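Here's the structure, in structure tokens; my notes come after.
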Amino acid sequence: MNTTTAERDALYDRLIVERARAPLYAGRLSAPDVQGDGRNPLCGDKTHLDIALDGHHIQDIRHNTRGCAICAAAADLMAEHVRGNTVAQALAVSDRFRAMLVGSPSLPVVEAQPAPLGALEVFAPLQSHKARIRCAELPWIALKEAFSHVDG
Amino acid sequence: MNTTTAERDALYDRLIVERARAPLYAGRLSAPDVQGDGRNPLCGDKTHLDIALDGHHIQDIRHNTRGCAICAAAADLMAEHVRGNTVAQALAVSDRFRAMLVGSPSLPVVEAQPAPLGALEVFAPLQSHKARIRCAELPWIALKEAFSHVDG
Amino acid sequence: MSTHTPTTHAHAQLDVQAIRQQFPILGEKVHDRPLVFLDSAASAQKPNAVIDSMASTMRHQYANIHRGLHWMSERTTEAYEGVRDLVADFLNAPSREEIVFTRNSTEAINLVAHSFGALLKPGQAVLISQMEHHANLVPWQMLRDRAGIDLRVAPITDDGDLDMDAYKALLADGKVALVSITHMSNVLGTITPAKQIADIAHAAGALVLFDGSQSVVHHKTDVQELGADFYTFTGHKLYGPTGIGVLWARRDLLEQMPPFLGGGDMISTVTFERSTWANIPHKFEAGTPAIVETIGLGAAIDWVSKIGFDAIAAHEAELTAHALTRLATVPGLSIVGRPRVRGGVVSFTMADVHPHDIATLLDRNGIAIRAGHHCAEPLMRRLDLSATARASFGIYTQKEEIDVLADTLVRIRDFFV
Amino acid sequence: MSTHTPTTHAHAQLDVQAIRQQFPILGEKVHDRPLVFLDSAASAQKPNAVIDSMASTMRHQYANIHRGLHWMSERTTEAYEGVRDLVADFLNAPSREEIVFTRNSTEAINLVAHSFGALLKPGQAVLISQMEHHANLVPWQMLRDRAGIDLRVAPITDDGDLDMDAYKALLADGKVALVSITHMSNVLGTITPAKQIADIAHAAGALVLFDGSQSVVHHKTDVQELGADFYTFTGHKLYGPTGIGVLWARRDLLEQMPPFLGGGDMISTVTFERSTWANIPHKFEAGTPAIVETIGLGAAIDWVSKIGFDAIAAHEAELTAHALTRLATVPGLSIVGRPRVRGGVVSFTMADVHPHDIATLLDRNGIAIRAGHHCAEPLMRRLDLSATARASFGIYTQKEEIDVLADTLVRIRDFFV
Ligand SMILES: Cc1ncc(COP(=O)(O)O)c(C=O)c1O
Ligand SMILES: Cc1ncc(COP(=O)(O)O)c(C=O)c1O
């Protein structure tokens with residue numbers, strides 16, 4: 001894609017394309033503590049998560065994703081981001097990520113330390129591609145599903 | 001109705017209004033040979049025919065009509081017109097009457113002696129009030145029903 | 001919406017001339033006479049706002065919705081789904097997911113008869129009233145014949161009000177699962193005491209559906225305040241397009257009900273063996289919907305909301321009072337129905353002149369009214385009539401038009417008597 | 001219609017520029033690029049003739065139909081019923097009473113599943129194919145689960161044609177009452193051998209329904225020549241409005257079938273005890289129909305007929321051939337489906353690039369295509385794909401647009417690999 005077009009496609013940031021092509025957190029864990037699945041019947045996108053916990057901390061996380069670049073990169077960047085977080089922290093990031101995608105007004109001020117999104121901000125342009133938001137959300141849905149088995 | 005409006009209402013010819021108000025052939029026969037009924041569920045119009053036959057000739061005919069002026073006058077003028085006709089003649093008039101109402105192209109030339117419509121032509125303006133055509137047709141439907149019991 | 005100027009009830013006043021300017025059809029002539037359109041209860045005329053919104057959608061921003069990943073599809077989806085928000089607001093529905101788009105009221109009621117009806121057991125009953133439109137009668141008859149339920153009919157008084165004692169009595173055995181009653185009669189003009197009807201139904205363990213086809217046009221509707229469980233209306237009577245209607249139903253009911261039509265958009269996953277259903281409201285919207293018409297309905301709701309129901313109701317109350325007074329002066333004319341609370345619909349008969357003749361002769365003078373059984377044959381039978389003539393009023397109706405109607409009726413009567 | 005200039009097959013030639021002038025939306029920009037609309041199979045854009053006919057109806061000549069005795073109602077009824085004649089002509093149906101107006105194809109098929117389905121007995125079967133749209137699958141599943149009939153699925157070949165031997169075998173036991181098969185696949189572009197399908201079905205004692213949603217757009221349809229018993233299509237793909245579709249069925253079948261929806265206009269008489277039904281087609285049209293949309297469909301059919309299917313088919317064949325050639329040059333691209341006879345729909349996948357990413361990236365360049373399962377999930381499973389990208393062509397598509405598509409696909413692929 002030539003530069004002009006690439007510029008127009010801020011949505012497909014280099015980072016997204018790279019992580020979709022060569023994910024850093026793809027694969028399985030040999031002994032996951034919890035697992036989660038996400039599936040979008042509309043397009044056939046699927047992701048599976050293996051998570052190793054250390055108390056309430058996410059010690060390690062791997063994903064197995066079949067889907068579009070947005071979904072695959074979202075899974076990989078999510079894994080990178082939440083690794084080392086507590087479950088509660090990861091869920092807070094999840095809420096913040098969603099708020100960014102749907103372009104909702106700033107979160108309630110009661111949130112003392114807004115979780116920074118960091119690299120996850122590459123997905124912000126999805127705001128104007130509503131139909132693709134679910135692609136980026138799928139791994140987070142799988143994450144929530146995994147944590148639904150954890151109390152804490 | 002003042003003259004201007006009355007003129008505009010060629011549809012409601014004096015003859016129609018008079019026959020609706022004071023029909024000449026209303027009533028029942030004491031010993032009808034055949035009877036026919038017409039009913040328009042859409043508006044509740046109803047007509048009942050009593051017919052006395054002399055061979056294939058309509059010797060006498062009376063109608064009992066509850067309906068709008070168009071329907072009532074149509075029944076009365078029909079009775080007047082077909083009295084003395086043979087059944088076949090009456091049915092030919094019926095076809096011709098219908099053709100006039102729906103404004104269909106002239107009947108097939110094979111018809112040697114087109115039955116003249118005479119006074120029935122007052123209904124011609126219904127051509128442009130399609131929804132009222134069935135009002136004028138109702139007595140003719142009853143007539144056909146009556147004759148369906150006669151062979152000939 | 002943003003330019004909505006709040007109107008207080010007391011001072012609500014319509015600028016009828018300004019409103020008429022927005023309805024091009026009102027400038028038409030019929031039989032060389034200016035059109036006097038008194039048939040809005042059958043279907044209302046459309047303001048430019050509605051016509052232009054539909055045309056502009058097709059000219060500038062249209063594609064199929066929901067499944068598209070491209071700009072035109074996403075924008076059209078937003079416009080379509082935006083109307084769901086508007087309708088939820090319009091009815092004060094608790095949530096947008098409770099709004100199902102249908103073709104018209106008739107389909108909305110059929111949907112309930114089919115999908116809610118599928119949950120009923122033989123021996124249970126549906127209760128309607130004597131003044132229902134066929135749309136709120138025939139679907140229940142069909143359900144009765146299919147499912148072995150009972151169909152009960154609450155009588156009306158001679159004035160045309162629901163007989164509340166009889167209504168209560170019909171609920172007494174606790175077998176009625178659903179009361180389905182009109183919120184406003186299209187023949188008598190009766191506005192039924194919906195809140196009371198709902199309270200009584202609920203106390204007897206029944207749910208309640210209101211057929212709002214006529215009523216949503218005349219006053220503000222609040223499904224929560226009414227205590228409704230289902231509510232239906234139809235776009236074309238609300239100054240909106242044909243081909244679009246609305247069913248509102250409580251979320252838990254919609255969630256329990258099996259789907260109605262099968263096809264695209266209403267599924268979650270499909271295999272040859274079995275399918276699973278999409279979430280509400282999509283579960284009930286199979287295939288490509290009436291996209292442009294839904295957007296047009298949104299324009300109609302925006303337009304009506306800007307004018308405001310205070311002003312509309314005041315205008316129509318004034319017209320109706322005027323009509324009742326003026327028509328009373330026409331020799332031989334009888335008003336059909338004297339309900340306690342009424343909307344802008346007046347049925348009448350005239351001694352010695354059949355309603356069909358009235359309608360045709362009025363038409364020759366440019367005046368459009370309706371005559372017949374108004375899709376309420378059993379009500380006609382209850383009233384011992386075969387037909388009535390009916391004048392109905394809208395936002396654009398002028399007092400002078402009612403005067404023309406009354407004067408012409410006097411002349412018609414002279415002509416016949 | 002009167003200005004229709006006959007075109008001979010050999011010389012049929014579209015003036016695409018002149019046609020594009022009639023579609024205002026084609027002048028729009030998307031993401032600052034000229035719109036390249038290659039999603040007509042999902043829903044076609046509308047020519048001025050259609051938009052203007054709808055707007056003009058609402059501006060100058062509109063009222064509710066069938067029951068009105070006034071001028072506006074009679075003229076609107078004539079316009080509405082006139083479209084029934086047009087559609088009968090369009091399909092070469094033996095009679096206008098066999099044309100039933102529905103919301104879309106989906107509702108038309110549901111109507112048949114419901115009303116014809118009511119005549120089926122447990123043990124009888126309905127036979128569909130592996131390439132059906134959900135609209136021609138889910139209603140039959142619902143019927144199966146309701147009525148205890150069998151649902152059989154005829155396989156397709158790897159090229160995307162109906163497997164005729166397998167089809168015949170599935171009919172062999174004589175239990176199939178109805179074959180319901182698409183006349184053109186919305187994914188593979190396959191035009192099915194309808195006449196042959198019908199002959200085989202009839203020989204086995206089965207009736208046949210063709211889902212013509214895609215096919216009526218591309219070539220002349222003659223239900224008698226095809227030997228169809230039921231035929232359905234949808235207005236919005238035929239350059240017509242949303243909210244209007246058509247079911248054609250043989251008179252004797254419509255007469256036997258019980259009604260679908262209950263309400264106004266579909267009845268003959270109504271009492272609280274029982275109702276009797278109107279004659280066909282009205283028996284199947286309950287409530288106020290999509291009046292303006294039906295008139296708009298008439299305008300679309302007029303417009304398409306003036307251009308003529310010889311010219312349309314020739315144009316689309318040329319476009320499709322060009323697309324197949326050009327897309328073959330895109331590295332990593334695979335065409336999905338190589339049917340013997342095809343219409344203007346081409347599905348494809350690209351190695352290492354998901355169809356959704358293709359669609360979004362094309363959209364950023366102003367190019368609208370569709371990506372997903374195209375409401376044909378079981379077909380996707382048969383093809384072992386989760387989704388495809390699909391470009392589809394209409395009367396207004398230009399060869400240059402296909403070139404832009406192919407060039408942009410090359411750049412997208414470079415971007416990802
Ligand atoms: C082959 C086929 N059948 C049925 C349909 C359904 O059409 P509609 O959504 O207009 O009912 C479509 C289009 O989506 C189609 O392509
Ligand atoms: C009270 C009432 N209910 C239902 C309907 C049916 O509305 P539609 O024909 O738009 O479905 C009407 C209008 O005809 C009506 O007046």
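Remember, predicted model here, so these are calculated numbers, not experimental data. Just so we're on the same page: letters track the sequence lines, and every chain starts at 1.
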Looking only at C:Thr106, C:Asp145, C:Leu151, C:Ile109, the option with the highest number of non-hydrogen pairs under 4.5 Å against chain D is C:Thr106
request  = Give the C-alpha distance, both sets of side-chain angles, the deciding distance and a yes or no for side-chain contact (heavy atoms from CB on, under 4.5 Å) between D:Met266 and C:His134.
outcome  = CA-CA 10 Å; D:Met266 55 70 74; C:His134 293 162; over 6 Å; no
Residues C:Gly262 and D:Pro139: closest non-hydrogen pair is O-CG, 3.5 Å
Whatever's closer than 4.5 Å to a heavy atom in chain C on D:Ile244 counts as neither
Looking only at D:Gly68, D:Gly372, D:Ser105, most heavy-atom pairs under 4.5 Å shared with chain C are made by D:Gly68
Heavy-atom nearest pair, C:Leu69 first then D:His356, reads CD1-CD2, 3.5 Å
So, the part of C:Glu132 with a heavy atom under 4.5 Å from chain D: the answer is neither
Bottom line for C:Leu26: the part with an atom under 4.5 Å from chain D's heavy atoms is neither
Donor-acceptor contacts under 3.5 Å from residues 50-58 of chain C side chains, at least two apart:
| residue | atom | partner | partner atom | Å |
| --- | --- | --- | --- | --- |
| C:Asp52 | OD1 | D:Arg59 | NH2 | 3.2 |
| C:Thr57 | OG1 | C:Ser53 | O | 2.7 |

If only atom types and distance count, is the side chain of C:Asn104 paired as donor or acceptor with the main-chain N or O of D:Thr288 below 3.5 Å? yes
### Task
Please confirm whether the backbone N or O of C:Ser43 pairs with a side-chain atom of D:Asn64, one donor and one acceptor, at under 3.5 Å?
no
Cut-off 4.5 Å, heavy atoms of chain C, and the answer for D:Pro258 is neither
Keeping D:Arg381 on the side-chain end and C:Val270 on the backbone end, is there a donor-acceptor pair under 3.5 Å?
yes
Are the side chain of D:Ser275 and the backbone of C:Val138 linked by a donor-acceptor contact shorter than 3.5 Å? no
Note to self: Looking at C:Gln141 and D:Phe272, would you say the former's side chain and the latter's main chain have a donor-acceptor pair under 3.5 Å?
What the structure shows: yes
Worksheet item: Hey, mind stepping through D:Glu377 and C:Thr269 against side-chain contact (heavy atoms from CB on, under 4.5 Å) and telling me if it holds?
Response: CA-CA 7 Å; D:Glu377 265 188 77; C:Thr269 57; 3.9 Å; yes
Checklist entry - Is it true that a side-chain atom of D:Gln45 and a backbone atom of C:Tyr62 form a donor plus acceptor pair closer than 3.5 Å? => result yes
Scanning both residues in full, the closest heavy-atom pair of D:Gly264 with C:Cys375 reads CA-SG, 4.0 Å
Under 4.5 Å to a heavy atom of chain D? For C:Glu28 that would be side chain
Applying side-chain hydrogen bond (donor to acceptor under 3.5 Å, both in side chains) to C:His114 and not counting sequence neighbours gives none
Under 4.5 Å to a heavy atom of chain D? For C:Ser73 that would be side chain
Chain D shares the most heavy-atom pairs under 4.5 Å, among C:Ile367, C:Ile291, C:Thr294, with C:Ile291
Turns out that what part of C:Val292 lies under 4.5 Å from chain D's heavy atoms comes down to both
When the 4.5 angstrom heavy-atom criterion is applied to C:Leu137 and chain D, the contacting part is side chain
Highest number of heavy-atom pairs under 4.5 Å with chain C among D:Glu107, D:Gln61, D:His133 belongs to D:Glu107
Chain C shares the most heavy-atom pairs under 4.5 Å, among D:Pro24, D:Gly243, D:Ala135, with D:Pro24
The interface call for D:Ala44 against chain C, heavy-atom contacts under 4.5 Å, is backbone
Applying a strict 4.5 Å limit to non-hydrogen atoms, the region of C:Ile369 in contact with chain D is backbone
Turns out that what part of C:Phe23 lies under 4.5 Å from chain D's heavy atoms comes down to neither
Given D:Glu273, D:His374, D:His373, the one with more heavy-atom pairs under 4.5 angstrom with chain C than any other is D:Glu273
Can a donor-acceptor pair be found, under 3.5 Å and without considering hydrogens, that links the side chain of D:Asn110 to the backbone of C:Leu261? no
For the backbone of C:Trp71 and the side chain of D:Asp363, can you confirm whether one donor and one acceptor N or O come within less than 3.5 Å of each other? yes
Closest non-hydrogen contact found for C:Met142 with D:Pro259 is CE-O, 3.9 Å
So, the part of D:Asn48 with a heavy atom under 4.5 Å from chain C: the answer is side chain
Whatever's closer than 4.5 Å to a heavy atom in chain D on C:Arg144 counts as side chain
Whatever's closer than 4.5 Å to a heavy atom in chain C on D:Gln130 counts as both
Margin query: What verdict does the side-chain contact (heavy atoms from CB on, under 4.5 Å) test give for C:Ile25 and D:Met72, after you've listed the backbone C-alpha separation in whole Å, the side-chain angles of each residue and the deciding distance to 0.1 Å?
Written below: CA-CA 10 Å; C:Ile25 203 170; D:Met72 283 290 174; 4.0 Å; yes
